[in-house]
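Below is one structure, written out as structure tokens; the observations come after it.
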2 protein chains.
Amino acid sequence: MAAPVRQRLLTSTIDLLRRHGVHGTGIADVLRESGVARQSIYHHFPDGKDELVAAATQAAGEHVRRVAQGGHVDALLAWWERTLIEHDYDIGCPVAAAALAGPDCPASTRAAREVFATWREDLASALRLDGVADPELLAGVLVSAFEGAIMQARVERSVTPLRDVAIVMGRLIVPE
Amino acid sequence: MAAPVRQRLLTSTIDLLRRHGVHGTGIADVLRESGVARQSIYHHFPDGKDELVAAATQAAGEHVRRVAQGGHVDALLAWWERTLIEHDYDIGCPVAAAALAGPDCPASTRAAREVFATWREDLASALRLDGVADPELLAGVLVSAFEGAIMQARVERSVTPLRDVAIVMGRLIVPE
DNA sequence: CCTCCCCTAGACCGAACGGTCTATATTGGC
DNA sequence: GCCAATATAGACCGTTCGGTCTAGGGGAGG
């Protein structure tokens with residue numbers, strides 16, 4: 001009962017987005033998992049589901065950002081490996097879920113775009129500090145490769161796709 | 001009226017999967033877009049939506065496979081660029097949609113896994129023929145990077161993520 | 001005190017969901 | 001001629017959907 005209502009809503013929504021995607025997650029599911037009253041959703045997120053999903057996407061993006069403190073690729077990799085195994089490969093990336101929601105959820109799409117941009121900027125800064133060539137280019141490809149690897153890892157039920165990305169990208173991330 | 005019913009069902013389902021994902025696509029939508037009778041779905045796909053989506057995923061995977069005849073990365077890139085622009089960035093990869101559908105759609109998840117495996121094998125064979133080192137490793141990362149780039153390209157409404165993947169991966173795909 | 005805000009409880013709405021059912025063509029092969 | 005397979009049309013089912021509504025509880029600040 002400790003956590004405030006808004007936070008509980010976001011946490012539950014993120015969890016459900018990772019399992020079932022945007023359209024596979026119902027308001028009733030969020031209510032059940034968070035134990036919050038129906039009306040409270042529309043108090044905190046007047047625009048309804050799309051706004052809730054967009055806010056959850058932003059929050060999830062911030063969380064991952066803190067995990068990869070300073071853009072350390074190895075920390076990101078380790079965290080995703082652990083998370084996938086902990087949840088028995090029954091989850092994906094909530095930002096990917098928002099990105100694939102489609103035109104019915106414009107706010108969610110926008111949120112996904114902004115999170116991806118933030119991730120790229122963080123990674124590019126870290127790469128630049130390490131003296132790596134083409135930091136922006138590599139940062140974008142890193143985000144792409146990570147997102148694809150998470151998707152493959154989920155259906156393969158194996159962390160191999162993630163590790164392979166780390167191996168291959170490691171060859172490119174070298175000081176010039 | 002030319003195309004047989006089963007084919008029209010698959011074509012329409014693929015199109016809708018790319019726009020709205022698995023849970024965002026309803027049976028009624030498929031019926032409307034394909035102009036097929038409701039009962040015909042359950043004639044060709046007795047297990048209902050999950051089986052239809054799985055079959056559509058397989059068919060889409062085969063189609064992309066033919067596009068990348070022999071595993072030519074450049075052909076794949078050009079096709080995705082053209083497709084995204086043609087549809088004004090309102091589509092994604094249908095296999096990704098199936099991969100993120102979640103545990104309610106076990107057949108679709110299985111289909112996504114098999115398509116990813118086929119793509120990796122095709123790419124690995126092509127890389128091996130070109131005398132590239134670590135063909136399996138690179139093939140897996142290529143699939144990851146492509147899938148992630150398609151996702152980013154969609155929300156960014158730009159082909160830049162795809163081109164960046166091509167540039168960076170081109171540096172790795174060199175004869176040993 | 002009263003009022004405003006946050007929160008809960010739960011009924012209620014019309015629409016859409018996936019799936020089943022009956023009934024009626026229209027085929028092509030035996 | 002007959003039968004099975006394929007197709008169409010459309011009613012119908014119970015459930016769930018996202019969203020709105022009313023009614024009331026409790027705490028903080030005027």
Side-chain angles (χ1 to χ4, degrees), chain A residues 1-17 19-57 94 97-98 100-109 111, chain B residues 1-17 19-57 59 97-98 100-109 111:
Chain A
M1 297 301 134
V5 166
R6 190 188 150 93
Q7 191 55 50
R8 272 191 289 159
L9 280 173
L10 291 178
T11 304
S12 299
T13 303
I14 291 171
D15 182 63
L16 289 161
L17 284 183
R19 293 180 203 277
H20 309 288
V22 173
H23 296 291
T25 296
I27 297 288
D29 301 323
V30 176
L31 299 179
R32 199 178 310 115
E33 184 154 323
S34 63
V36 156
R38 192 176 194 86
Q39 198 69 340
S40 295
I41 288 189
Y42 299 95
H43 174 74
H44 290 282
F45 309 99
D47 279 353
K49 186 180 176 180
D50 191 24
E51 189 181 354
L52 170 64
V53 169
T57 302
L100 298 188
D104 313 331
C105 311
S108 307
T109 304
Chain B
M1 293 297 137
V5 166
R6 190 189 149 93
Q7 191 56 49
R8 272 190 288 158
L9 280 173
L10 291 179
T11 304
S12 299
T13 303
I14 291 171
D15 182 64
L16 288 161
L17 284 183
R19 292 181 205 277
H20 308 287
V22 173
H23 297 291
T25 296
I27 298 288
D29 300 323
V30 176
L31 298 179
R32 199 178 310 115
E33 183 154 324
S34 64
V36 156
R38 192 176 194 86
Q39 198 67 344
S40 295
I41 288 189
Y42 299 95
H43 174 73
H44 290 283
F45 308 100
D47 279 353
K49 186 179 176 179
D50 191 24
E51 189 182 353
L52 170 64
V53 169
T57 302
L100 298 188
D104 312 330
C105 311
S108 306
T109 304

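A, B, ... follow the sequence lines: proteins, then strands. Residue 1 opens every chain. The shown structure was predicted, so the numbers you read here are calculated from the model rather than taken from an experiment. These values consider heavy atoms only, across backbone and side chains, with no hydrogens, waters or symmetry-generated copies.
- Axis angle between the ends of the helix from C:dC1-D:dG30 to C:dC30-D:dG1, five pairs each and rounded to 10 degrees, works out to 0°.
- For the pair A:A107 and A:D50, the tightest heavy-atom approach, listed with the atom from each and the gap, is N-OD2, 3.0 Å.
- Between the OH atom of B:Y42 and the P atom of D:dA7 there is a distance of 16 Å, given to the nearest Å.
- In 5' to 3' order, the nucleotides of DNA chain C bounding all contacts with chain A (an atom under 4.0 Å from a heavy atom) are C:dC6 to C:dA11.
- Listed here is the closest heavy atom pair of B:A56 and B:T13: CB-CG2, 3.7 Å.
- Between A:L16 atom CG and D:dT16 atom P the separation is 16 Å, expressed in whole Å.
- Less than 4.0 Å separates DNA chain D from no heavy atom of any residue of residues 21-33 of chain B.
- Residue A:L9 holds its CG atom at 11.0 Å from CD1 of A:I14, rounded to the nearest 0.5 Å.
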*Where protein sits on nucleotides 22-28 of chain D, one letter per nucleotide: B base, S sugar-phosphate only, - none, heavy atoms under 4.0 Å*: -------

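- For B:R38 against D:dG10, no side-chain N or O and base N or O form a donor-acceptor pair under 3.5 Å.
- For the pair B:F45 and B:R6, the tightest heavy-atom approach, listed with the atom from each and the gap, is CE2-NH1, 3.5 Å.
- Qualifying side-chain contact (heavy atoms from CB on, under 4.5 Å) partners for A:T11, counting only residues two or more places apart in sequence or in other chains: A:Q7.
- Interatomic distance, A:H20 NE2 to B:C105 SG, rounded to the nearest 0.5 Å: 10.5 Å.
- We find the CG-CZ distance between B:D29 and B:R32 to be 5.0 Å, quoted to the nearest 0.5 Å.
- Rounding to the nearest 0.5 angstrom, the gap separating the CG atom in B:L52 from the CG atom in B:D47 is 11.5 Å.
- Of all heavy-atom pairs spanning A:A98 and A:V22, the tightest one is CA-CG2, 3.9 Å.
- For the atom pair NZ of B:K49 and OG of B:S108, the computed distance is 9.0 Å after rounding to the nearest 0.5 Å.
- Interatomic distance, B:H23 NE2 to A:L100 CG, rounded to the nearest 0.5 Å: 12.0 Å.
- Among residue pairs with one or both ends in residues 36-46 of chain B, none qualify as side chain to side chain donor-acceptor pair (under 3.5 Å); sequence neighbours excluded.
- When rounded to the nearest whole Å, the span between NE2 of A:H20 and C1' of D:dC17 equals 16 Å.
- The main-chain N or O of A:A111 is never found under 3.5 Å from a side-chain atom of A:T57 such that the two would form a donor-acceptor pair.
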